[in-house]
Amino acid sequence: LGTAFYAGIRAANPDMQQSADRFFDESRLMDIRVMSTLGLTDDDVSAIKNISGVEAVQPAYSADVLTMKDDSQLVLKLMSVPDEMNLISVDEGRLPQKSGECLVDNLLIKNYGYKIGDTIEIHSGDEDGELADTVAQNKYTIVGRGRTALYLNLTRDSSNIGNGAMTGFVIIPKQDFNLEAYTEIGVRVSGAETLDCYSDAYETLVDGVVSNVEAIADVQC
């Protein structure tokens, strides 16, 4: 019995890592996330695309906003629909196809009782800014729910608005964002998908491209 228990414990970690690596590959999860306090432009996208070792790039928008649900204030992370990277696993319904539609985090369905067809009204969390400076709509109809490889457990990002803890993500059409610059650029590294993402070989490969990205940072800024 002891041997069986020990063998199970020893097998759990590599099994979990293999499952995670498969999910990352199926979702085409980025290998590198490029961010800047100045924001990112199409020139930055082009510059990163030309870096040695870069297979693909994907600019994206995101923003933290507030909503009210049953007298509770929730912090939501709005994210643009991905094109070819960080793909969303849709568990019910579909991805948003037009302005005013959204797909929500499974956690919002499970923990707060949202359902497909509900409307989420959002508000700016910035006292000095207007919501219209960030997104085109203040109400979104839920058309789907799902998961993302960006979050594997029940915790989400921290936030600088509300209570400081993100409740869940909300996917909206890219054209609904009114931001002047991208908030991040996802990068996939050539040859990385064939490697175990928890291996030294993967880390070495990706770190080399990270150094190449950092080398152009000062010029781009």
Side-chain angles (χ1 to χ4, degrees), residues 15-33 35 45 55-70 72 74-122 134-159 165-179 182-189 192-194 197:
D15 283 353
M16 292 173 68
Q17 289 184 344
Q18 186 177 25
S19 296
D21 186 65
R22 185 182 303 114
F23 184 37
F24 295 155
D25 291 343
E26 291 172 350
S27 303
R28 295 188 59 78
L29 182 66
M30 60 188 171
D31 299 300
I32 303 168
R33 171 185 278 164
M35 304 179 74
V45 174
E55 176 184 278
V57 298
Q58 176 178 271
Y61 298 105
S62 65
D64 291 358
V65 296
L66 301 175
T67 190
M68 296 297 298
K69 177 66 173 177
D70 300 331
S72 296
L74 309 180
V75 180
L76 306 177
K77 177 174 284 296
L78 301 182
M79 300 191 297
S80 54
V81 176
D83 298 319
E84 57 174 318
M85 205 177 298
N86 305 331
L87 303 180
I88 304 299
S89 296
V90 180
D91 292 324
E92 185 182 6
R94 59 175 173 80
L95 285 169
Q97 297 173 348
K98 62 182 181 180
S99 180
E101 292 184 342
C102 72
L103 176 143
V104 300
D105 192 336
N106 279 333
L107 285 187
L108 294 176
I109 301 289
K110 178 181 178 181
N111 294 339
Y112 296 96
Y114 285 106
K115 60 183 183 298
I116 292 179
D118 284 355
T119 298
I120 297 178
E121 184 172 356
I122 58 176
T134 304
V135 289
Q137 306 288 340
N138 70 329
K139 292 183 180 180
Y140 283 88
T141 300
I142 301 173
V143 297
R145 65 177 180 86
R147 296 165 289 134
T148 171
L150 295 171
Y151 305 110
L152 287 185
N153 54 27
L154 298 180
T155 59
R156 298 294 182 259
D157 294 334
S158 60
S159 176
M166 190 181 95
T167 308
F169 65 83
V170 175
I171 306 296
I172 67 173
K174 182 179 292 186
Q175 64 267 25
D176 272 12
F177 281 93
N178 288 334
L179 299 174
Y182 302 117
T183 51
E184 66 181 62
I185 298 174
V187 178
R188 283 179 62 83
V189 175
E193 185 174 345
T194 61
C197 67

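Everything numeric in this text was worked out from a predicted model, so none of it was measured. Position 1 is the first residue of the sequence; numbering continues from there.
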Notebook entry, point to check: Taking side chain as C-beta onward, heavy atoms only, is Val65 less than 4.5 Å from Lys77?
Noted result: no
Margin query: Run the side-chain contact (heavy atoms from CB on, under 4.5 Å) test on Tyr114 and Leu74 for me, step by step, so that the C-alpha distance in whole Å, both residues' side-chain angles and the decisive distance to 0.1 Å come before the verdict.
Written below: CA-CA 12 Å; Tyr114 285 106; Leu74 309 180; 4.1 Å; yes
Next item on the list: Grab the two heavy atoms, one from Cys102 and one from Val104, that are nearest each other, plus how far apart they are.
Entry: SG-CG1, 3.9 Å
Check: Do any pairs count as a side chain to side chain donor-acceptor pair (under 3.5 Å) and have a residue in residues 88-99, sequence neighbours left out, and if so which ones?
Finding: Asp91-Asn106, Asp91-Arg147, Glu92-Arg145, Arg94-Glu101, Ser99-Gln137, Ser99-Asp176
Margin query: Measuring from atom CD1 of Ile172 to atom CG of Leu78, what distance do you get when rounded to the nearest 0.5 angstrom?
Written below: 5.0 Å
Item checked: Phe169 CZ to Leu103 CG distance, which is reported to the nearest 0.5 Å -> 6.5 Å
Notebook entry, point to check: Is the CE atom of Met68 crowded by more than 12 outside heavy atoms at less than 6.0 Å?
Noted result: yes
Notebook entry, point to check: Side chains of Asp70 and Ser72: donor-acceptor distance under 3.5 Å anywhere?
Noted result: no
Check: Nearest 0.5 Å, what's the CG-CD distance between Asp25 and Glu193?
Finding: 4.5 Å
Note to self: Keeping Thr148 on the side-chain end and Leu150 on the backbone end, is there a donor-acceptor pair under 3.5 Å?
What the structure shows: yes
Notebook entry, point to check: Just by modelled atom types, is the Met166 backbone N or O under 3.5 Å from a matching donor or acceptor in the Arg156 side chain?
Noted result: no
Notebook entry, point to check: Between Pro82 and Ile88, is any pair of side-chain heavy atoms under 4.5 Å apart?
Noted result: yes
Item checked: Close side-chain approach of Val135 and Ile122, heavy atoms under 4.5 Å -> yes
Margin query: Do Asp31 and Val187 make a side-chain contact, defined as non-hydrogen atoms from C-beta onward lying under 4.5 Å apart?
Written below: no
Notebook entry, point to check: Is a side-chain N or O of Asp21 found less than 3.5 angstrom from the main chain of Cys197, in a donor-acceptor match?
Noted result: yes
Note to self: Please determine whether a side-chain nitrogen of the Lys or Arg among Lys110 and Asp105 lies less than 4.0 Å from a carboxylate oxygen of the Asp or Glu.
What the structure shows: no
Check: Quick one: CD1 on Ile185 to CD on Gln58, what's the gap to the nearest 0.5 Å?
Finding: 10.5 Å
Next item on the list: Verify, without hydrogens or angle tests, whether Asn86 (side chain) and Ala149 (backbone) share a donor-acceptor contact under 3.5 angstrom.
Entry: no
Margin query: Between Leu66 and Leu76, is there a side-chain heavy-atom distance shorter than 4.5 Å?
Written below: no
Item checked: Value rounded to 0.5 Å, distance of CE in Met30 from CZ in Arg188 -> 11.0 Å
Checklist line | Residue pair Leu108 / Val170, side-chain heavy-atom distance below 4.5 Å | finding: yes
Note to self: Distance check, rounded to the nearest 0.5 Å: Lys69 atom NZ versus Glu121 atom CD?
What the structure shows: 13.0 Å
Note to self: Given 3.5 Å as the limit, does a donor-acceptor pair link the side chain of Thr141 with the main chain of Gly117, or not?
What the structure shows: no
Checklist line | By ring-ring contact (aromatic ring centres under 6.0 Å, His included) - contacts of Phe177 (at least two apart) | finding: Tyr61
Checklist line | Any side-chain heavy-atom pair of Val45 and Tyr182 under 4.5 Å | finding: yes
Next item on the list: Please report the closest heavy-atom contact between Ala165 and Val75, naming both atoms and the distance.
Entry: O-CB, 3.5 Å
Check: Does the side chain of Ser19 reach to within under 4.5 Å of the side chain of Arg22, using non-hydrogen atoms?
Finding: yes
Notebook entry, point to check: Taking only residues two or more places apart in sequence or in another chain, which ones pass salt bridge (Lys or Arg N to Asp or Glu O under 4.0 Å) with Asp118?
Noted result: Lys115
